Amino acid sequence: MATAAPSAASRIAVVTGASSGIGAATARRLAAAGYRVVLTARRKDRIEALAEEIVAAGGSATAYPLDVTDRAAVDEFATAFTTVGVLINNAGGALGADPVATGDPADWRSMYETNVIGTLNLTQALLPKLDASGDGTIVVVSSTAGHGTYEGGAGYVAAKHGAHVLAETLRLEIVGRPVRVIEIAPGMVKTDEFALTRFGGDEDRAAKVYEGVADPLTADDVADTIAWTVTRPSHVNVDLLVLRPRAQASNTKVHRELS
């Protein structure tokens with residue numbers, strides 16, 4: 001994939017949720033494209049190992065343990081920067097698959113805090129730094145769940161709808177400023193942790209999500225897409241990019257090859 005080298009003023013890329021999956025893959029891609037990546041996540045050991053991997057491959061990376069829902073910690077994190085070129089709001093996730101009637105309010109609250117308030121915290125804290133770069137980009141990694149509903153997913157769907165609306169509204173509010181707002185909405189992505197976390201570590205339930213699907217998206221597929229949007233010329237804003245595996249026509253229609 002050919003990409004334009006980032007300018008000196010816009011070279012720092014902050015990636016949230018960088019300890020695994022899409023976040024880790026995106027950090028690798030942006031580092032390969034010439035960005036100085038700042039890896040944030042709660043799992044210190046994971047992001048430190050990834051930073052070492054990126055540096056060993058010739059890239060530039062720094063690990064910074066951070067809980068995106070902790071506003072005081074986020075504000076302190078932001079003081080480390082004069083300018084930031086790219087913010088990848090990737091931290092998020094799903095918990096449970098219960099219907100509205102029996103869903104756990106604690107799970108709903110946790111999903112909203114991470115997917116929406118976490119994105120809000122980082123965006124508010126770093127927006128002045130993105131402005132100062134003269135060529136900033138904010139990426140919100142939402143989901144196709146932010147653009148449609150499905151049974152058993154209302155808590156996650158509501159959170160991702162919130163992330164979508166945040167991105168859409170922010171784009172309206174800062175038009176004319178040197179900051180782009182991009183939303184990436186992946187469909188079925190098979191990673192090591194997403195479904196396993198959603199079902200509380202139940203490996204059988206997690207496996208059934210992808211059962212019979214020949215080629216679900218991978219974290220690298222999504223990272224490739226994110227890197228492509230970020231490295232477009234500054235005047236090009238990819239407002240919304242929805243990507244799904246070929247086998248998935250919608251949130252509720254998936255082709256499965258079952259014997």
Side-chain angles (χ1 to χ4, degrees), residues 6-24 26-27 30-31 35-48 50-51 54 60-93 95 106 108-142 146 159-184 226 230:
S7 66
S10 62
R11 191 169 288 134
I12 296 174
V14 174
V15 182
T16 71
S19 60
S20 65
I22 293 170
T26 298
L30 292 180
Y35 287 90
R36 295 166 49 201
V37 293
V38 180
L39 315 172
T40 74
R42 290 175 295 181
R43 293 180 291 185
K44 181 173 181 287
D45 58 331
R46 292 283 193 97
I47 55 174
E48 287 182 344
L50 178 57
I54 289 171
S60 177
T62 303
Y64 192 107
L66 184 66
D67 179 349
V68 297
T69 68
D70 183 339
R71 184 53 187 260
V74 169
D75 287 342
E76 181 179 355
F77 167 71
T79 64
F81 306 97
T82 302
T83 65
V84 171
V86 177
L87 168 60
I88 310 293
N89 283 303
N90 168 72
L95 295 172
W108 281 56
R109 187 172 294 108
S110 179
M111 286 186 281
Y112 192 85
E113 285 285 340
T114 306
N115 290 282
V116 183
I117 302 301
T119 296
L120 178 67
N121 285 341
L122 265 294
T123 299
Q124 288 183 338
L126 293 180
L127 186 55
K129 321 292 183 175
L130 290 150
D131 258 331
S133 76
D135 186 18
T137 300
I138 296 170
V139 176
V140 175
V141 182
S142 64
K160 286 303 188 183
H161 270 71
H164 161 63
V165 170
L166 186 157
E168 190 172 58
T169 306
L170 178 63
R171 191 180 301 114
L172 295 172
E173 292 172 344
I174 65 171
V175 67
R177 292 161 67 174
V179 181
R180 302 181 291 187
V181 180
I182 295 167
E183 180 187 352
I184 305 295
I226 292 170
V230 168

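Positions are given from 1 along the sequence. Since we're looking at a predicted model, the values are computed, not measured.
Counted within 6.0 Å of CZ on Arg71, heavy atoms from surrounding residues, nucleotides or ligands total more than 12; the atom is thus considered enclosed. No more than 12 heavy atoms of other residues, nucleotides or ligands sit less than 6.0 Å from atom OH of Tyr112. Other residues, nucleotides and ligands place no more than 12 heavy atoms under 6.0 Å from the CD atom of Glu76.
Here the OG1-CG distance, from Thr26 to Leu39, works out to 11.0 Å after rounding to the nearest 0.5 Å. Atom CG of residue Leu130 and atom OG1 of residue Thr83 lie 9.0 Å apart, to the nearest 0.5 angstrom. Here the straight-line distance linking atom OG of Ser133 with atom CZ of Arg11 works out to 12.0 Å at 0.5 Å rounding. Separating the CG atom in Leu166 from the OG1 atom in Thr123 is a distance of 6.0 Å, to the nearest 0.5 Å. From Thr62, atom OG1 reaches atom CZ of Arg36 across 7.0 Å, with rounding to the nearest 0.5 Å. The line from CG of Leu120 to CG of Leu170 is 9.5 Å long, rounded to the nearest 0.5 Å.
Looking at Lys129, its side chain never comes within 3.5 Å of a backbone N or O of Thr82 through a donor-acceptor pair. Between the side chain of Arg171 and the main chain of Val181, a donor-acceptor pair closer than 3.5 Å is present.
With hydrogens and angles left out, the side-chain atoms of Ser19 and Arg46 include no donor and acceptor closer than 3.5 Å. Asn121 and Thr69 are not linked by any side-chain donor-acceptor pair at a separation below 3.5 angstrom, with hydrogens and angles left out of the test.
Considering only residues two or more places apart in sequence or on other chains, Asn115 meets the side-chain hydrogen bond (donor to acceptor under 3.5 Å, both in side chains) condition with Lys160. Scanning for ring pair (Phe, Tyr, Trp, His ring centres under 6.0 Å) contacts around His161 gives an empty result, with sequence neighbours left out.
Contact check on Arg109 versus Glu113 returns no salt bridge, with no Lys/Arg side-chain nitrogen under 4.0 Å from an Asp/Glu carboxylate oxygen.
The shortest non-hydrogen separation linking Gly134 to Pro178 is O-CB, 3.3 Å. Shown here for Ile54 and Ala31, the closest heavy-atom pair between the two residues is CG2-CB, 3.5 Å. Of all non-hydrogen atoms in Leu50 and Ala18, the two that sit nearest each other are CD2-O, 3.3 Å. Of all heavy-atom pairs between Val140 and Ala167, the closest is CG2-CB, 3.9 Å. Closest approach of Ala78 and Leu126 over heavy atoms only: CB-CD2, 3.8 Å. Closest approach of Asn90 to Gly17, counting heavy atoms only: ND2-O, 3.1 Å.
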Check against side-chain contact (heavy atoms from CB on, under 4.5 Å), Ser20 and Arg43: CA-CA 10 Å; Ser20 65; Arg43 293 180 291 185; 3.3 Å; yes
Under the side-chain contact (heavy atoms from CB on, under 4.5 Å) criterion, do Leu30 and Ile88 qualify, and how do the steps go? CA-CA 10 Å; Leu30 292 180; Ile88 310 293; 4.0 Å; yes
Criterion side-chain contact (heavy atoms from CB on, under 4.5 Å) on Val14 and Phe77, from CA distance to verdict: CA-CA 11 Å; Val14 174; Phe77 167 71; 3.8 Å; yes
Test side-chain contact (heavy atoms from CB on, under 4.5 Å) applied to Ile138 and Asn89, step by step: CA-CA 7 Å; Ile138 296 170; Asn89 283 303; 3.7 Å; yes
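Residues in residues 175-184 take part in these side chain to side chain donor-acceptor pair (under 3.5 Å) pairs, two or more places apart or across chains: Asp131-Arg177, Thr137-Arg180, Ser142-Glu183, His147-Glu183, His164-Glu183.
Between Phe81 and Ile12, the closest side-chain pair of non-hydrogen atoms falls below 4.5 Å. Side-chain contact between Leu95 and Trp108 is absent, with no heavy atoms from C-beta onward closer than 4.5 Å.
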